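One structure is given here, and the rest of the page talks about it.
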Amino acid sequence: MLSRRARECHGQESSYFAGWQEYEKNPYHPLHNPSGIIQLGLAENQLESWIANNPEALTLRTDQGQSIFQDLALFQDYHGLPSFKNALADFMSEIRGNKVKFDPNNLVLTAGATSANETLIFCLADPGDAFLLPTPYYPGFDRDLKWRTEVEIVPIHSSSANNFEITTPSLEQAYERATKQLKLNVKGILATNPSNPLGTTLTRGELDRLIDFAMAKGIHIVSDEIYSGTVFDSPDFTSIAEAWSASKRVHIVYSLSKDLGLPGFRVGAIYSNDEKVVAAATKMSSFGLVSSQTQHLLSKMLSDKDMRARYVEENRRRLGKRKDEMVSGLGLAGIGCMRSNAGLFCWVDMRKLLREPSFEAEKELWKEMLFEVGVNVSPGSSFHCSEPGWFRVCFANISEETLGVAMKRIGDFARFRRGYDKTIKWVSAGTREEPYLGR
Amino acid sequence: KQTTTRPNPMGILSRKATCNTHGQDSSYFLGWEEYEKNPYDEATNPAGIIQMGLAENQLSFDLIEQWLAANPDPASFKRDGGSVFRDLALFQDYHGLPAFKKALVEFMSEIRGNKVTFDQNKIVLTAGATSANETLMFCLAEPGEAILLPTPYYPGFDRDLKWRTGVEIVPIQCTSANGFQITETALEQAYLDAKTRNLKVKGVLVTNPSNPLGTTLTRPELNLLVNFISDKQIHLISDEIYAGTAFSSPGYVSIMEVLKDKKLEHTELADRVHVVYSLSKDLGLPGFRVGAIYSNDDRVVSAATKMSSFGLVSSQTQYLLAALLSDKKFTRNYIAESQRRLKQRQRSLRKGLEKAGISCLKSNAGLFCWVDMRHLLEANTFEAEMKLWKKIVYEVKLNISPGSSCHCVEPGWFRVCFANMSEETLELAVERLRMFVEENYNDVIPRSRSGHEMLKGLRKKNLTKWVFRLSYSSDREPEER
């Protein structure tokens with residue numbers, strides 16, 4: 001009675017979402033539920049309240065006191081509120097150090113990056129076509145890019161041997177597999193830059209490899225840059241817009257969910273130099289427009305140049321600090337993280353805690369972490385990582401105190417495990433080895 | 001995985017991106033574009049085109065503005081002296097804000113005279129009814145399957161129901177012979193038409209109250225629909241976005257009320273009935289993107305909820321509207337007052353058109369009238385309708401919607417909106433029309449006799465002018481509109 005799409009929901013059986021559900025049943029609270037599950041699986045960013053100082057952005061009146069409620073209530077133009085698009089384009093530019101300029105006419109607003117990604121795939125690929133994605137990648141893509149579009153994802157595998165970087169052989173391999181083995185028509189590559197879950201920005205080398213490859217095969221590059229404002233350390237962020245500015249086959253996805261910590265407001269965007277894509281995506285955005293009330297608020301917020309500059313700067317500083325805290329906390333537990341310079345999470349190496357180097361063991365470890373240790377971390381397999389033992393651990397969505405509690409729990413667990421199995425060696429993975437101090 | 005489409009390797013973009021089956025080339029949108037180039041403004045452009053093609057409800061904003069002025073906290077993220085900004089900013093749960101869903105289902109109930117109640121666990125929030133309708137299609141039908149729609153219907157359905165879903169629309173032809181009501185014959189014929197086209201029918205979608213007719217479905221029609229979907233074992237989607245705009249008798253009867261009356265509420269059939277709602281028409285808030293799917297089938301609710309990820313309602317907006325709709329004093333007064341104003345405004349349009357020798361389909365709801373201009377056509381053809389429409393847009397400077405854009409099978413009908421302008425502008429619009437008719441047609445405008453009698457006489461007189469038979473162009477494919 002229901003469609004096949006309704007009966008088979010891609011990707012939502014994944015442990016990524018299951019952990020979330022477990023957290024919902026038993027969420028940690030310092031006072032009310034100190035033994036609850038600590039959510040380290042949700043990549044959120046808490047925004048400093050600009051609101052308290054700028055109540056006018058909410059009162060739906062002009063500076064002269066005239067009501068704009070009616071105009072906003074009626075405003076459903078899928079071209080979006082001009083003042084908001086202008087401010088957003090400027091903001092996106094600033095995040096990239098003003099090395100690129102974005103034309104607001106090439107910007108399409110969507111209800112979140114979730115909507116933007118799906119819409120772009122609808123515009124670029126037909127059912128049965130394929131997109132190549134570097135692993136590990138955000139589990140939501142299995143739903144967002146494939147579900148209703150009926151487009152396939154073919155992974156571009158990477159390995160810890162070279163810090164999970166994208167290589168030309170792996171690109172070629174993925175393309176071969178898609179076209180020769182699976183008989184799929186490859187329409188493009190979708191990469192997240194900075195990467196979720198790695199927390200790293202694509203290197204210049206990787207960008208060049210992607211661009212050369214896309215040019216050679218005549219395919220699109222979709223660059224999901226939703227974490228572009230979270231780069232807190234070197235190397236600098238290089239957007240695809242800068243690396244391949246003239247191309248009509250480069251499309252950027254953005255959102256205010258991560259950089260500004262506003263996932264509830266549903267603000268995403270597609271940017272493309274191809275006017276046909278912009279035109280089609282604009283019409284498709286009818287299925288997920290941004291509330292005019294929200295566009296108005298954000299146009300005021302983002303038009304405040306001081307706020308923009310201060311916020312991004314402060315945000316980066318806090319993220320960098322919080323990341324360092326987590327990395328040392330984990331380091332004290334003998335657990336290492338991959339070196340990262342962006343994002344709201346670390347890519348954590350727990351291979352040495354596995355019973356054996358298998359995905360079954362990874363799943364066991366994940367369940368132990370969730371139910372016994374009480375921390376919801378996301379297992380690498382849910383990100384399609386080809387090596388077992390890696391976990392994404394978020395640091396930006398909880399208070400410093402809670403992070404401390406989480407680190408202690410993980411530390412105790414790790415030491416407990418090492419007590420049982422004396423063959424486990426200290427994990428270094430780039431962090432300084434610390435003597436076991438019995439904490 | 002099977003695909004029924006041919007590979008498109010040379011196409012750098014998808015077929016969906018480059019086709020035009022999104023329906024946006026229809027005259028419905030073209031008239032809009034003309035208006036945009038030369039919009040009427042009382043002060044700055046009094047000779048401009050008056051927009052009568054936009055079904056917006058602008059009559060009762062003052063009521064909402066008063067409420068906002070008296071209740072500033074929800075819009076300012078405040079509650080009990082504290083700020084809810086952070087919680088809302090992070091709230092992206094696709095189950096929706098519970099307080100909002102509760103207020104919304106209660107509002108929906110109130111609009112239906114509290115004759116039915118809705119369970120807030122069965123409602124899915126979406127970014128507008130546009131998103132709700134598309135999502136339901138994704139949930140209920142495969143690409144290549146069909147949904148039956150009574151004509152005339154809202155032109156946007158060609159995009160919303162078909163474009164990305166790959167679902168087909170097969171029309172249920174309704175005619176003026178019985179006021180465009182749905183008949184059993186028409187339903188069966190549509191079902192047969194689908195079969196002839198090798199299309200599997202998954203359901204029927206009706207808009208109740210109807211856009212563009214402005215009428216509420218009668219009980220016989222509703223009963224007919226229930227029997228039909230029972231017999232064919234298919235779904236029924238009732239798009240009830242105009243439910244709150246029913247302003248006169250017969251009152252509004254929702255499909256849910258019919259199911260209740262027939263004691264079909266907890267049956268398998270009830271699982272196949274789904275309601276679409278939105279606050280764009282009843283509250284006049286299209287910019288806020290608030291729509292909903294209501295279904296008795298848990299699987300539909302579950303799938304639609306996950307799909308709503310692609311078009312969630314802003315938490316900022318959910319919060320504000322939860323407060324607004326929770327205020328029962330406000331909702332009670334708003335619903336009554338809004339309907340009163342709509343009734344009065346519809347009457348103004350009707351009377352004004354009568355002075356121009358033009359009649360409308362008798363209507364009791366909506367933000368528009370279904371206007372009969374058949375007697376003004378050169379011939380009983382859609383070409384003649386287009387010709388008349390262009391004159392009205394370019395010469396009379398009124399943007400109204402031609403029936404052909406709504407897939408009406410009879411030429412000469414137009415949808416004319418009345419709730420998106422001031423009383424003065426409406427008066428000006430009908431005056432322009434009256435002058436146009438007076439200058440271009442003989443004996444159409446009533447002079448000494450009463451309006452109604454005059455019109456009746458007119459019909460008889462013009463019988464010889466064109467063949468009085470219902471026909472439609474057989475070379476007109478739905479997909480091309």
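The structure displayed is predicted, hence computed values, not measured ones. What's counted below: heavy atoms across the whole structure, side chains too, no hydrogens, waters or symmetry copies.
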Compute whether any side-chain donor of one residue and acceptor of the other, for Thr317(B) and Gln293(A), lie under 3.5 angstrom apart. yes
Separation between CD of Gln295(A) and CZ of Arg289(B), rounded to the nearest 0.5 Å: 10.5 Å
Residue part contacting chain B, namely of Phe75(A), when any heavy atom lies under 4.5 Å: backbone
Do other residues, nucleotides or ligands put more than 12 heavy atoms under 6.0 Å from Lys217(A) NZ? yes
From the list Ser131(B), Cys139(B), Ser315(B), the residue making the most non-hydrogen contacts under 4.5 Å with chain A is Cys139(B)
Salt bridge (Lys or Arg N to Asp or Glu O under 4.0 Å) involving Asp77(A) - partner list, sequence neighbours excluded: none
Any side-chain heavy atom of Thr119(A) sitting closer than 4.5 Å to one from Arg164(B)? yes
Between the CG atom in Asn420(B) and the CG atom in Leu74(A), the distance rounded to the nearest 0.5 Å is 9.0 Å
From the list Gln318(B), Gln58(B), Lys202(B), the residue making the most non-hydrogen contacts under 4.5 Å with chain A is Gln58(B)
So do Lys78(B) and Leu58(A) actually touch side chain to side chain, heavy atoms under 4.5 Å? no
Under a 4.5 Å heavy-atom cut-off, does chain B meet the side chain of Val290(A), its backbone, both or neither? backbone
Assert top hit (heavy-atom pairs under 4.5 Å, partner chain A, pool Ser76(B), Ser302(B), Gly311(B)) equals Ser76(B)
Given that the side chain runs from C-beta out, which part of Gln233(B) has a heavy atom under 4.5 Å from chain A: side chain, backbone, both or neither? backbone
Please identify, among Ala303(B), Ser314(B), Ala127(B), Gly284(B), the residue contributing the most non-hydrogen atom pairs under 4.5 Å to chain A. Ser314(B)
With Glu65(B), which residues qualify under side chain to side chain donor-acceptor pair (under 3.5 Å), at least two apart? Ser67(A)
Are Ser3(A) and Leu140(B) packed together at the side-chain level, in the sense that at least one heavy-atom pair is separated by less than 4.5 angstrom? no
Atom group of Asp144(A) that falls short of 4.5 Å from chain B, counting heavy atoms: both
